[in-house]
Amino acid sequence: NPLDDPAADPFDLAADAAAKIAELTGVDHHDVALTLGSGWGRAAELIGETTHTIAATEVPGFSKPALEGHVGTLRSVLLPSGKRALVIGARTHYYEGHGVRRVVHSVRTAAATGATTMILTNGAGGIKQHWTPGTPVLISDHINLTGDSPLEGATFVDLTDLYSKRLRDLARSIDPTLDEGVYCQFRGPHYETPAEVQMAKAIGGHIVGMSTALEAIAARQAGMEILGMSLITNLAAGIQQTPLSHAEVIEAGQAAEPVITGLLANIVAA
Ligand SMILES: Nc1nc2[nH]c(I)nc2c(=O)[nH]1
């Protein structure tokens, strides 16, 4: 992967990726980009007409996803409004150990296609007791526990209102029952111990996951407005009395799919 070359410029590679997407789709500008996390995979079918589907491996800097449940494609979707959405079904997780540049390449590429709104979705563990598996929640802020950053050098970027309150209010105007919470990104790939979940709770977290925070920082650096949403597919360790299982996670995501993809379709159409 060209991003593995320390001498490579990640922004040049994002521009190359955007040019490749334009070449392969004939679409030279996208307005909004969506990253589909566990359980959100079907959203592209509901938000508009998918006119082009590209294998992510055909685009510079993207790689085959390590996680089943993630499709390695990029899709250009024509929205009812006539705007264009770039749907990223090829998320690289930080726990894959390929470095943070690979994790945020899709966001930088989306910005290079012209997108000014970045919608980051994920599957995550819930700390609030009343969140049952299959509950979608808005991300109000994050706590980055990775100890890493996509920003390099003296790049001091403000992260106030990182998860746009305007877009959260828009989402709530569509579904007033939507709750929100602070997302804690752990490195993973292991799930948290009950003690780590209690730590996350003690420091003000409501959601635990293994993605999103680093992508959001890169999206802010690119000047994008960000909406983050988590599908609570399990209660975090210790909050729920039974052990976590990946199978349970996939199952809860599938059950919630029609609800959350309809929500996403309405938000994007607004
Ligand atoms: N860190 C973390 N990530 C997750 N992703 C999903 I789906 N559930 C979890 C969880 O409980 N913890």
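As the structure lists them, so they are numbered: ligands from 1, and atoms in each ligand from 1.
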- Within a distance under 4.0 Å of any heavy atom of Tyr191, pick out the atoms of ligand 1 and give their elements. 2 (C), 4 (C), 8 (N), 9 (C), 10 (C), 11 (O), 12 (N)
Which side-chain N or O atoms in residues 5-14 pair as donor and acceptor under 3.5 Å with protein atoms at least two apart or in another chain?
from, atom 1, to, atom 2, distance (Å)
Asp5, OD1, Ala7, N, 2.7
Asp9, OD1, Phe11, N, 2.6
Asp9, OD1, Asp12, N, 3.1

- Message: Check this for me: does any side-chain nitrogen of one of Arg172 and Asp169 sit under 4.0 Å from a carboxylate oxygen of the other?
- Response: yes
- Query: Taking atom types as modelled and ignoring hydrogens, do the side chains of His29 and Asp31 form a donor-acceptor contact shorter than 3.5 angstrom?
  - Reply: yes
- His30 side chain to Leu86 main-chain N or O, any donor-acceptor pair under 3.5 Å? no
- Within reach of ligand 1, part of Asn234 (heavy-atom separation under 4.0 Å): side chain
- Query: So, the side chain of Asn266 versus the backbone of Ala270: is there a donor-acceptor pair under 3.5 Å, distance only?
  - Reply: no
- Query: Applying a 4.0 Å heavy-atom criterion (strictly less than), which segment of Ala124 is in contact with ligand 1: side chain, backbone, both, or neither?
  - Reply: backbone
- Query: Would you say His190 and ligand 1 have an N/O pair spaced under 3.5 Å apart?
  - Reply: no
- Query: Counting both backbone and side chain atoms, is some N or O of Thr233 under 3.5 Å from an N or O of ligand 1?
  - Reply: no
- Can you tell which of Gly126, Ser38, Gly209, Gly37 gets a heavy atom nearest to atom 3 (N) of ligand 1? Gly209
